[in-house]
Amino acid sequence: MSEQQVRVRFAPSPTGYLHVGGARTALYCYLYAKRHGGKFILRIEDTDLERSTEEAMRMQIQDLNWLGLHWDEGPHPETLKDMGDYGPYRQSQRKEIYQKYADQLLEQGDAYYCFLSDEEIEAQREQAKKEKRPPQVKSPYRDWTVEKALEFKKTCPTPPVIRFKVKDEKTDYVLQDLVRGDVTFPSDMVGDFVVIRSNGMPVYNFCCVVDDALMKMTHVFRGEDHLSNTLRQIMVYDALNFEKPKFGHLSMILGEDRQKLSKRHGATSVNDFNEKGFLPEAMNNFLALLGWSSPKAQEIITMDELCEQFHHDRLNPASAVFDEKKLTWVNATHLRQLPHAELWNRLQPFFAKAGINLSDDPAWQNKALETMKTSMETLTDAIELFKPLSNEPFKVSDKAAEVLSWETTSAVINKWIELVSAKNELSADDFQEILAQIKTECAVKGKQLFMPIRVAIIGEPQGAEVKLLVPLMAKQELIDRANQCLN
RNA sequence: GUUCCCUUCGUCUAGAGGCCUAGGACAUCGCCCUUUCACGGCGAAGACACGGGUUCGACUCCCGUAGGGAACGCCA
């Protein structure tokens with residue numbers, strides 16, 4: 001109807017790292033905004049004072065940045081200062097705003113002060129459970145006037161909460177979900193729920209509505225676990241006479257055992273994958289395909305293509321299992337497509353961490369990557385691959401012992417040393433020539449020929465193609481290594 | 001317990017009543033390339049949860065059943 005600008009937000013609560021489920025939600029929000037020329041907003045839902053930390057917020061911001069999901073409004077990624085016209089963007093800084101709307105609710109008779117203690121509520125729950133009723137709170141303070149409650153508050157030792165008063169008459173609420181179609185909730189599905197805690201902080205279902213309305217969100221994409229919360233939120237929207245955004249509830253991401261993905265499934269945070277040598281473009285690619293499919297049936301897809309093609313009508317309502325094998329393949333494919341100079345840059349932190357020093361000649365780097373990248377799936381794979389080329393002391397691996405014990409091995413290696421010494425420089429062709437010579441002069445072939453040579457070069461019986469590796473190495477280094485194998 | 005959601009190869013998915021002998025991708029297996037391993041190429045195997053309708057015709061629509069999941073907090 002209206003030509004209003006699309007505004008989509010990602011609203012994590014800073015209670016830990018950004019996990020892959022959150023990352024996917026953020027990605028979809030981002031893509032939706034980009035696709036429609038809208039704004040992507042980051043809002044921090046830190047109303048849970050106990051669990052929210054500044055550190056976790058920084059971690060999540062960092063992860064979002066790593067993924068390249070840049071927001072138009074929200075805390076500045078460096079300074080954390082608010083950017084945008086609808087701040088503050090941290091809920092902990094919006095207390096007065098929530099209080100104002102809670103007061104409005106109170107005034108309208110849509111909410112009331114409730115003095116029920118934890119024990120009383122617990123008792124009610126027990127009772128409800130016994131009677132097999134939904135465990136909903138029935139507050140005796142429900143019909144008190146605000147004045148009466150305020151008067152009582154003075155004498156009451158524990159501060160009250162503010163509860164939303166769910167209408168008595170039962171009606172059906174229909175949510176037109178972007179992912180699931182029409183979803184009908186009976187209003188008696190929920191009891192009177194808390195909107196403001198006794199410590200004055202608002203509760204998710206309340207501040208989420210106030211913020212989404214005030215921040216002019218047009219679309220809300222979030223996890224399926226929020227689906228049933230939406231009923232409460234709709235009630236708040238209606239009571240406050242706010243315009244509702246369109247909702248889309250995304251499926252869950254599961255582990256291989258089809259349980260909700262959690263820490264016991266291994267790596268689940270975006271940062272874990274960063275550290276394991278996955279590329280952000282691969283992460284986005286894989287995550288996008290978990291619950292969404294490209295209309296062009298692309299499996300390998302760039303961020304730009306994603307922005308172009310993303311549409312909510314291809315979002316899958318069924319939950320999806322996170323398959324790290326496929327992620328690895330996606331990663332390997334992206335990695336091999338990277339320009340070598342860029343790949344080299346991405347590798348630097350991993351080399352540094354592993355203490356590997358390599359030539360800074362770009363031509364050498366390019367040649368080396370050409371050779372190595374077909375055996376790399378993740379950035380960390382480069383560590384083992386490049387070790388033989390670093391200026392670390394040469395070591396013969398245990399796996400190579402068998403090769404060295406072969407009868408013909410020492411003759412082969414001696415011949416190798418002899419022939420290499422006769423050359424100035426070794427090209428791939430020279431290497432092939434030498435190999436052929438050894439083959440005839442030592443009368444060996446196949447494994448007996450190839451593996452000793454490989455061990456003499458990299459100290460391992462298996463690895464990258466040696467004919468490409470050799471040109472990357474200095475002649476004297478080759479000789480030294482071969483000699484070491486003979487001792 | 002109540003309410004809501006979900007259900008196509010092992011996994012991610014395509015599929016909007018006849019284009020389906022159910023397509024693709026990952027993984028698996030085989031062959032080719034390769035004097036190793038990868039990369040690459042080719043190929044094989046592998047699924048509509050079940051039962052009823054509706055229809056000339058159902059993977060597609062409806063209703064049940066089963067299984068899975070979520071929510072029912074002063075967590076988000």
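Below, read A as the first sequence line, B as the second, and so on, with proteins coming before strands; counting in each chain starts at 1.
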Between [N] and [M], how many Å separate the two [atom1] atoms, rounded to a whole number?
{"N": "B/A27", "M": "B/U11", "atom1": "P", "answer": "16 Å"}
{"N": "B/C42", "M": "B/C50", "atom1": "P", "answer": "34 Å"}
{"N": "B/C4", "M": "B/C19", "atom1": "P", "answer": "35 Å"}
{"N": "B/G10", "M": "B/U28", "atom1": "C1'", "answer": "9 Å"}
{"N": "B/C9", "M": "B/A22", "atom1": "P", "answer": "14 Å"}
{"N": "B/G52", "M": "B/A66", "atom1": "C1'", "answer": "14 Å"}
{"N": "B/C26", "M": "B/U21", "atom1": "C1'", "answer": "25 Å"}
{"N": "B/A38", "M": "B/C32", "atom1": "P", "answer": "15 Å"}

Below the 4.0 Å mark, does [N] have OP1 or OP2 next to a side-chain nitrogen or oxygen of [X]?
{"X": "A/S319", "N": "B/C5", "answer": "no"}
{"X": "A/S228", "N": "B/C72", "answer": "no"}
{"X": "A/R314", "N": "B/G15", "answer": "yes"}
{"X": "A/R232", "N": "B/G73", "answer": "no"}
{"X": "A/R336", "N": "B/C39", "answer": "no"}

Inset, instruction - Using the side chain to side chain contact (heavy atoms under 4.5 Å, CB included) rule, pick out the option among A/L472, A/L369, A/D381 that qualifies with A/F386. - result: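 Result for side chain to side chain contact (heavy atoms under 4.5 Å, CB included) with A/F386: A/L369.
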Now, which nucleotide makes the Watson-Crick or G-U wobble pair with [N], with each of the two distances under 3.5 Å?
{"N": "B/A49", "result": "B/U65"}
{"N": "B/C37", "result": "none"}
{"N": "B/A16", "result": "none"}
{"N": "B/U3", "result": "B/A70"}
{"N": "B/C26", "result": "B/G10"}

Any base atoms under 4.0 Å from [X], or only sugar-phosphate, or nothing? Heavy atoms, all strands.
{"X": "A/R51", "value": "base"}
{"X": "A/Q259", "value": "sugar-phosphate"}
{"X": "A/K439", "value": "base"}

Legend entry - Main-chain N/O of A/S410 paired with A/W406 side-chain donor or acceptor, under 3.5 Å: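 No.
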Legend entry - Under 3.5 Å: donor-acceptor pair, side chain of A/D192, backbone of A/V166: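 Checking the backbone N and O of A/V166 against the side chain of A/D192, a donor-acceptor pair under 3.5 Å is found.
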Inset, instruction - Assess whether one donor atom and one acceptor atom, taken from the side chain of A/E299 and the base of B/G24, lie less than 3.5 Å apart. - result: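 Flag set: donor-acceptor pair detected.
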Inset, instruction - Kindly say whether the aromatic ring centers of A/W71 and A/Y89 come within a distance under 6.0 Å. - result: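 No, too far apart.
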Legend entry - Close aromatic pair by centroid cut-off 6.0 Å: A/Y113 and A/Y141: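 Not close enough - the centres of the two rings lie 6.0 Å or further apart.
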Inset, instruction - List the steps and the verdict of side chain to side chain contact (heavy atoms under 4.5 Å, CB included) for A/R9 and A/C208. - result: CA-CA 11 Å; A/R9 100 282 126 121; A/C208 177; 3.9 Å; yes
Inset, instruction - Please figure out whether A/L290 or A/Q136 has its closest RNA chain B nucleotide nearer the 5' end. - result: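 Here A/L290 is the residue nearer the 5' end.
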Inset, instruction - Identify, between A/R258 and A/V183, the residue whose nearest nucleotide on RNA chain B lies closer to the 5' end. - result: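 With A/R258 and A/V183 compared, the 5'-side residue is A/V183.
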Inset, instruction - Output the single nucleotide from B/C72, B/C74, B/U36 whose closest atom is nearest the side chain of A/P135. - result: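 Side chain of A/P135 sits closest to B/C72.
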Inset, instruction - Measure from the side-chain heavy atoms of A/D225 and tell me the nearest of B/A70, B/A14, B/U36. - result: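 The listed nucleotide nearest to A/D225's side chain is B/A70.
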